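In this text, all values refer to a predicted model and were calculated from it rather than measured experimentally.
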Amino acid sequence: QVQLVESGGGLLQPGGSLRLSCAASGSIFSIYAMGWYRQAPGKQRELVAVDINGINTNYADSVKGRFTISRDSAKNTVSLQMNSLKPDDTAVYYCYALVRASTVSSPMTQFWGQGTQVTVSS
């Protein structure tokens with residue numbers, strides 16, 4: 001099984017910074033996309049940032065200029081540097097990976113981390 005383990009969540013004041021990290025482990029042939037989603041109370045899970053094949057990155061409009069995704073393909077890790085945090089950023093953040101496990105013929109499969117809570121409040 002492929003596992004995603006997140007770290008770095010916490011409670012902080014508006015304007016602060018936080019860095020989330022995620023490490024993928026298990027039987028992995030290749031990771032084609034890796035990134036972060038978040039879900040706030042009463043809202044749908046939404047894309048925050050994603051790295052595709054280590055080439056392209058996409059960000060939600062609400063975080064552009066404040067958040068930066070960084071992927072280390074050699075280590076199968078991804079991080080999210082979050083600056084100028086706002087109360088609206090409060091959510092559970094989930095690591096995401098699209099993985100081809102085991103061999104080149106294995107199917108592409110989505111994996112999710114357990115989630116880490118980020119709370120921004122004064």
Side-chain angles (χ1 to χ4, degrees):
Q1 288 287 330
V2 175
Q3 293 183 329
L4 305 179
V5 180
E6 302 136 329
S7 62
L11 172 65
L12 71 166
Q13 295 184 340
S17 297
L18 206 61
R19 187 178 181 88
L20 305 181
S21 297
C22 176
S25 62
S27 182
I28 299 171
F29 181 82
S30 182
I31 299 178
Y32 290 89
M34 202 169 186
W36 297 89
Y37 285 70
R38 69 185 181 187
Q39 187 167 24
K43 296 184 178 180
Q44 294 182 257
R45 187 175 298 188
E46 64 176 352
L47 174 71
V48 179
V50 64
D51 177 291
I52 303 171
N53 278 337
I55 300 172
N56 299 315
T57 57
N58 291 317
Y59 293 90
D61 288 341
S62 60
V63 308
K64 287 180 179 177
R66 300 189 298 120
F67 292 9
T68 302
I69 188 169
S70 300
R71 179 180 169 188
D72 188 332
S73 297
K75 297 181 179 180
N76 288 335
T77 61
V78 66
S79 64
L80 185 69
Q81 178 65 46
M82 304 184 293
N83 298 326
S84 302
L85 282 161
K86 306 174 181 179
D88 285 348
D89 295 318
T90 296
V92 177
Y93 285 71
Y94 296 91
C95 184
Y96 163 87
L98 183 61
V99 177
R100 191 184 302 278
S102 298
T103 72
V104 69
S105 298
S106 299
M108 297 277 279
T109 306
Q110 295 182 87
F111 292 92
W112 297 89
Q114 293 296 308
T116 185
Q117 178 71 47
V118 173
T119 301
V120 185
S121 176
S122 60

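Applying the salt bridge (charged side-chain N to carboxylate O under 4.0 Å, His left out) test to pairs two or more places apart or on separate chains, none has a residue in residues 1-23. Residue pairs meeting the salt bridge (charged side-chain N to carboxylate O under 4.0 Å, His left out) criterion with at least one partner in residues 75-94, sequence neighbours excluded, are R38-D89, R66-D89. Within the structure, no pair that satisfies the disulfide bond (SG atoms under 2.5 Å apart) test touches residues 39-88, not counting sequence neighbours. Legend: disulfide bond (SG atoms under 2.5 Å apart) pairs involving residues 7-122, not counting sequence neighbours, sorted by first then second residue: C22-C95. For residues 53-99, the set of pairs meeting the ring-ring contact (aromatic ring centres under 6.0 Å, His included) definition, not counting sequence neighbours, comprises Y37-Y96, Y96-W112.
L12 and V48 fall within the same hydrophobic cluster, defined by Ile, Leu, Val, Met, Phe, Trp and Tyr side-chain heavy atoms under 4.5 Å apart, directly or through other members. The hydrophobic clustering, which links ILVMFWY residues whose side-chain heavy atoms are closer than 4.5 Å, places Y32 and L47 together.
What you find for A91 and A40 is that their closest heavy atoms are CB-N, 3.8 Å. The shortest non-hydrogen separation linking N83 to S17 is OD1-OG, 2.9 Å. Contact record, S102 with S27: OG-OG, 3.2 Å, taken as the closest heavy-atom pair. Here the closest heavy-atom approach between residue T90 and residue V120 is recorded as OG1-N, 2.9 Å.
Taking CD1 of I28 as the reference point, atom CG of N76 lies at 4.5 Å (rounded to 0.5 Å). A distance of 8.5 Å separates CG of L20 from OG of S79, quoted to the nearest 0.5 Å. Considering CE of M108 and CD of Q110, their distance stands at 9.5 Å, rounded to 0.5 Å. With rounding to the nearest 0.5 Å, the separation of OG1 in T116 from CG in L80 is 11.5 Å. Within the model, atoms OG1 of T77 and CE of M34 stand 6.5 Å from one another, a figure rounded to the nearest 0.5 Å.
Side-chain polar atoms of Q117 and T119 form a donor-acceptor pair below 3.5 angstrom. No side-chain donor-acceptor contact under 3.5 Å links T57 and D51. No donor-acceptor contact under 3.5 angstrom links the side chains of S21 and S7, judged on distance only.
By the 4.5 Å heavy-atom criterion applied to side chains, V2 and T109 are not counted as neighbours. Counting heavy atoms from C-beta outward, V50 and L98 have side chains that stay 4.5 Å or more apart. A heavy-atom distance below 4.5 Å is found between the side chains of R71 and I31.
For S105, the side chain to side chain donor-acceptor pair (under 3.5 Å) criterion is met by no residue, not counting sequence neighbours.
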